[in-house]
Amino acid sequence: MQSKKIHKVSIVMGSQSDFKTMKLCQKVLKILKVKFETKIISAHRTPNRMYDYAKKAEKNKISVIIAGAGGSAHLPGMIAAITTIPVIGVPIANKKLNGLDSLLSISQMPKGIPVGTVTIGKDGAINAALLSASIISINDKNVRKNLNLWRNKQTRSVKKKPS
Ligand code: RP5
(Lines give C-alpha, C1' and ligand atoms only; values in the text may rest on other atoms or scores of the structure.)
Protein backbone atom coordinates (compact mmCIF):
# COMPACT_ATOMS: atom_id res chain seq x y z
CA MET A 1 0.00 0.00 0.00
CA GLN A 2 1.38 3.40 -0.96
CA SER A 3 0.76 6.41 1.27
CA LYS A 4 1.28 10.10 0.53
CA LYS A 5 3.09 10.55 3.84
CA ILE A 6 6.62 12.02 3.61
CA HIS A 7 8.77 9.59 5.55
CA LYS A 8 11.52 10.93 7.75
CA VAL A 9 14.49 9.17 9.33
CA SER A 10 15.80 10.54 12.60
CA ILE A 11 19.54 10.10 13.15
CA VAL A 12 20.58 10.49 16.78
CA MET A 13 23.90 9.94 18.52
CA GLY A 14 25.22 10.03 22.05
CA SER A 15 28.00 12.54 21.46
CA GLN A 16 29.56 14.93 18.98
CA SER A 17 32.42 12.40 18.84
CA ASP A 18 30.04 9.89 17.19
CA PHE A 19 29.37 12.20 14.24
CA LYS A 20 32.44 11.15 12.24
CA THR A 21 30.75 7.72 12.03
CA MET A 22 27.12 8.81 11.90
CA LYS A 23 27.61 11.35 9.12
CA LEU A 24 27.78 8.32 6.79
CA CYS A 25 24.06 7.84 7.48
CA GLN A 26 23.42 11.36 6.21
CA LYS A 27 25.52 10.72 3.10
CA VAL A 28 23.56 7.58 2.15
CA LEU A 29 20.15 9.07 2.89
CA LYS A 30 20.99 12.11 0.73
CA ILE A 31 21.85 9.81 -2.18
CA LEU A 32 18.56 7.93 -1.71
CA LYS A 33 16.63 11.22 -1.33
CA VAL A 34 15.25 10.24 2.05
CA LYS A 35 14.35 13.10 4.38
CA PHE A 36 16.23 13.09 7.68
CA GLU A 37 17.06 15.08 10.80
CA THR A 38 20.17 14.76 12.97
CA LYS A 39 20.49 15.30 16.73
CA ILE A 40 22.83 14.70 19.64
CA ILE A 41 20.98 12.97 22.47
CA SER A 42 22.73 11.15 25.30
CA ALA A 43 20.90 8.57 27.40
CA HIS A 44 23.22 9.36 30.30
CA ARG A 45 24.17 13.03 29.95
CA THR A 46 20.82 14.33 28.65
CA PRO A 47 18.20 11.84 29.90
CA ASN A 48 15.35 14.38 29.82
CA ARG A 49 16.17 15.30 26.21
CA MET A 50 16.12 11.60 25.33
CA TYR A 51 12.77 11.04 27.02
CA ASP A 52 11.15 14.08 25.37
CA TYR A 53 12.53 13.10 21.97
CA ALA A 54 11.30 9.50 22.15
CA LYS A 55 7.90 10.50 23.58
CA LYS A 56 7.32 13.01 20.75
CA ALA A 57 8.85 10.94 17.93
CA GLU A 58 5.51 9.71 16.59
CA LYS A 59 3.93 13.16 16.77
CA ASN A 60 6.99 14.48 14.93
CA LYS A 61 6.26 12.06 12.07
CA ILE A 62 9.47 10.07 12.38
CA SER A 63 9.27 6.74 10.52
CA VAL A 64 12.58 5.14 11.54
CA ILE A 65 15.18 6.05 14.18
CA ILE A 66 18.90 5.37 13.73
CA ALA A 67 20.70 5.66 17.06
CA GLY A 68 24.50 5.57 17.29
CA ALA A 69 26.19 5.08 20.64
CA GLY A 70 29.54 4.00 22.00
CA GLY A 71 30.69 2.49 25.29
CA SER A 72 27.78 1.13 27.30
CA ALA A 73 25.58 2.37 24.44
CA HIS A 74 22.19 2.59 26.15
CA LEU A 75 20.70 5.16 23.76
CA PRO A 76 19.11 2.85 21.12
CA GLY A 77 17.58 0.54 23.73
CA MET A 78 16.24 3.34 25.90
CA ILE A 79 14.62 5.06 22.93
CA ALA A 80 13.11 1.71 21.86
CA ALA A 81 11.71 1.33 25.38
CA ILE A 82 9.76 4.57 25.00
CA THR A 83 8.50 4.39 21.40
CA THR A 84 7.35 1.61 19.04
CA ILE A 85 8.91 3.34 16.02
CA PRO A 86 11.60 0.98 14.63
CA VAL A 87 15.04 1.68 16.10
CA ILE A 88 18.31 0.67 14.40
CA GLY A 89 21.35 0.78 16.66
CA VAL A 90 24.84 1.60 15.38
CA PRO A 91 27.68 0.51 17.71
CA ILE A 92 30.40 3.18 17.67
CA ALA A 93 34.02 2.02 17.86
CA ASN A 94 35.80 3.54 20.83
CA LYS A 95 39.51 3.51 21.64
CA LYS A 96 39.32 0.99 24.47
CA LEU A 97 37.32 -1.95 23.13
CA ASN A 98 36.91 -1.06 19.45
CA GLY A 99 33.11 -1.06 19.73
CA LEU A 100 32.70 -4.69 20.79
CA ASP A 101 31.23 -3.43 24.09
CA SER A 102 28.64 -1.33 22.22
CA LEU A 103 27.83 -4.14 19.78
CA LEU A 104 27.07 -6.53 22.62
CA SER A 105 25.18 -3.92 24.59
CA ILE A 106 22.97 -2.84 21.68
CA SER A 107 22.27 -6.39 20.47
CA GLN A 108 21.52 -7.84 23.91
CA MET A 109 18.09 -6.28 24.30
CA PRO A 110 15.65 -8.16 26.52
CA LYS A 111 12.76 -9.84 24.74
CA GLY A 112 9.86 -7.46 24.20
CA ILE A 113 11.94 -4.39 23.28
CA PRO A 114 13.73 -4.97 19.98
CA VAL A 115 16.56 -2.90 18.50
CA GLY A 116 17.85 -3.85 15.05
CA THR A 117 21.62 -3.93 15.39
CA VAL A 118 24.10 -3.36 12.57
CA THR A 119 27.85 -3.87 12.57
CA ILE A 120 30.37 -1.64 14.35
CA GLY A 121 31.40 1.75 12.98
CA LYS A 122 31.15 3.28 9.51
CA ASP A 123 29.98 0.10 7.74
CA GLY A 124 27.23 -0.13 10.34
CA ALA A 125 26.23 3.51 9.79
CA ILE A 126 25.97 2.91 6.03
CA ASN A 127 23.92 -0.26 6.52
CA ALA A 128 21.67 1.44 9.08
CA ALA A 129 20.82 4.12 6.52
CA LEU A 130 20.18 1.50 3.81
CA LEU A 131 18.00 -0.52 6.17
CA SER A 132 16.01 2.55 7.22
CA ALA A 133 15.43 3.30 3.52
CA SER A 134 14.30 -0.31 2.95
CA ILE A 135 11.75 0.05 5.74
CA ILE A 136 10.49 3.32 4.27
CA SER A 137 10.40 1.82 0.76
CA ILE A 138 7.51 -0.43 1.84
CA ASN A 139 5.31 2.65 1.53
CA ASP A 140 7.35 4.89 -0.75
CA LYS A 141 7.94 3.83 -4.33
CA ASN A 142 10.44 6.65 -5.04
CA VAL A 143 12.68 5.45 -2.23
CA ARG A 144 12.34 1.87 -3.51
CA LYS A 145 13.39 3.04 -6.96
CA ASN A 146 16.41 4.89 -5.54
CA LEU A 147 17.40 1.86 -3.48
CA ASN A 148 17.27 -0.36 -6.56
CA LEU A 149 19.39 2.15 -8.52
CA TRP A 150 21.90 2.15 -5.66
CA ARG A 151 22.05 -1.65 -5.64
CA ASN A 152 22.47 -1.83 -9.41
CA LYS A 153 25.31 0.69 -9.30
CA GLN A 154 26.99 -1.35 -6.58
CA THR A 155 26.65 -4.53 -8.65
CA ARG A 156 28.13 -2.83 -11.72
CA SER A 157 31.10 -1.62 -9.65
CA VAL A 158 32.25 -5.18 -8.84
CA LYS A 159 34.90 -6.19 -11.34
CA LYS A 160 34.88 -9.71 -12.78
CA LYS A 161 38.62 -10.16 -12.29
CA PRO A 162 41.09 -8.83 -9.71
CA SER A 163 43.80 -6.47 -11.00
C1 RP5 B 1 28.68 7.48 24.44
O2 RP5 B 1 29.90 7.73 25.01
C3 RP5 B 1 28.69 8.24 23.15
O4 RP5 B 1 27.82 7.65 22.23
C5 RP5 B 1 30.12 8.18 22.71
O6 RP5 B 1 30.34 7.16 21.75
C7 RP5 B 1 30.86 7.83 23.99
C8 RP5 B 1 31.93 8.81 24.36
O9 RP5 B 1 31.44 10.12 24.35
P10 RP5 B 1 32.42 11.36 24.49
O11 RP5 B 1 33.12 11.20 25.81
O12 RP5 B 1 33.37 11.32 23.31
O13 RP5 B 1 31.53 12.58 24.44
O14 RP5 B 1 27.61 7.88 25.23
Side-chain angles (χ1 to χ4, degrees), residues 6-138 140 143 146-147 150-151 154:
I6 304 288
H7 294 277
K8 180 170 71 181
V9 173
S10 183
I11 305 164
V12 296
M13 63 208 80
S15 167
Q16 173 67 44
S17 65
D18 299 331
F19 187 57
K20 56 185 177 302
T21 303
M22 297 304 287
K23 66 184 175 192
L24 271 296
C25 295
Q26 294 183 328
K27 190 177 169 189
V28 172
L29 292 176
K30 273 183 200 162
I31 293 168
L32 298 174
K33 297 189 171 58
V34 174
K35 201 175 162 211
F36 64 85
E37 61 173 23
T38 312
K39 295 175 188 289
I40 297 173
I41 298 173
S42 168
H44 305 116
R45 293 170 178 155
T46 67
N48 293 336
R49 195 189 299 176
M50 180 201 67
Y51 185 82
D52 276 4
Y53 162 81
K55 264 291 188 218
K56 290 178 189 155
E58 208 170 317
K59 200 175 120 229
N60 287 334
K61 303 194 183 324
I62 293 167
S63 298
V64 185
I65 294 168
I66 301 175
S72 56
H74 291 141
L75 183 66
M78 286 307 299
I79 291 172
I82 300 166
T83 179
T84 55
I85 292 168
V87 178
I88 305 168
V90 181
I92 304 288
N94 61 21
K95 286 184 197 114
K96 291 170 202 149
L97 297 166
N98 293 324
L100 183 59
D101 47 351
S102 318
L103 173 66
L104 296 177
S105 177
I106 295 173
S107 65
Q108 290 293 327
M109 288 297 291
K111 65 177 176 291
I113 307 293
V115 169
T117 312
V118 291
T119 194
I120 300 166
K122 290 183 176 174
D123 287 357
I126 291 167
N127 274 351
L130 291 169
L131 183 54
S132 72
S134 289
I135 295 168
I136 283 173
S137 76
I138 295 167
D140 188 322
V143 174
N146 291 339
L147 257 177
W150 195 92
R151 282 276 179 108
Q154 176 172 253

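Numbering of ligands and ligand atoms starts at 1, following listing order.
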Under the side chain to side chain donor-acceptor pair (under 3.5 Å) rule, collect the residues that match up with Glu37, sequence neighbours excluded. Ser10

Test item: Ser105 side-chain N/O and Ser102 main-chain N/O as donor-acceptor pair under 3.5 Å: no

N/O pairs closer than 3.5 Å, ligand 1 and protein:
from     : atom 1 : to    : atom 2 : distance (Å)
ligand 1 : 4 (O)  : Asp18 : OD2    : 2.6
ligand 1 : 4 (O)  : Gly70 : N      : 3.0
ligand 1 : 6 (O)  : Asp18 : OD1    : 2.6
ligand 1 : 6 (O)  : Gly70 : N      : 3.1
ligand 1 : 11 (O) : Arg45 : NH2    : 3.1
ligand 1 : 12 (O) : Ser17 : OG     : 2.7
ligand 1 : 13 (O) : Ser15 : OG     : 2.6
ligand 1 : 13 (O) : Arg45 : NH1    : 2.7

Side chains of Tyr53 and Ile62, heavy atoms from C-beta outward: is any pair under 4.5 Å? yes

Quick check against the 3.5 Å criterion: does Arg45 have a side-chain atom that pairs as donor or acceptor with the backbone of Gly14? no

To the nearest 0.5 Å, atom OH of Tyr51 lies from atom NZ of Lys56 at 11.0 Å

With Ile126 as partner, the option from Val118, Thr119, Leu131, Val28 fulfilling side chain to side chain contact (heavy atoms under 4.5 Å, CB included) is Val28

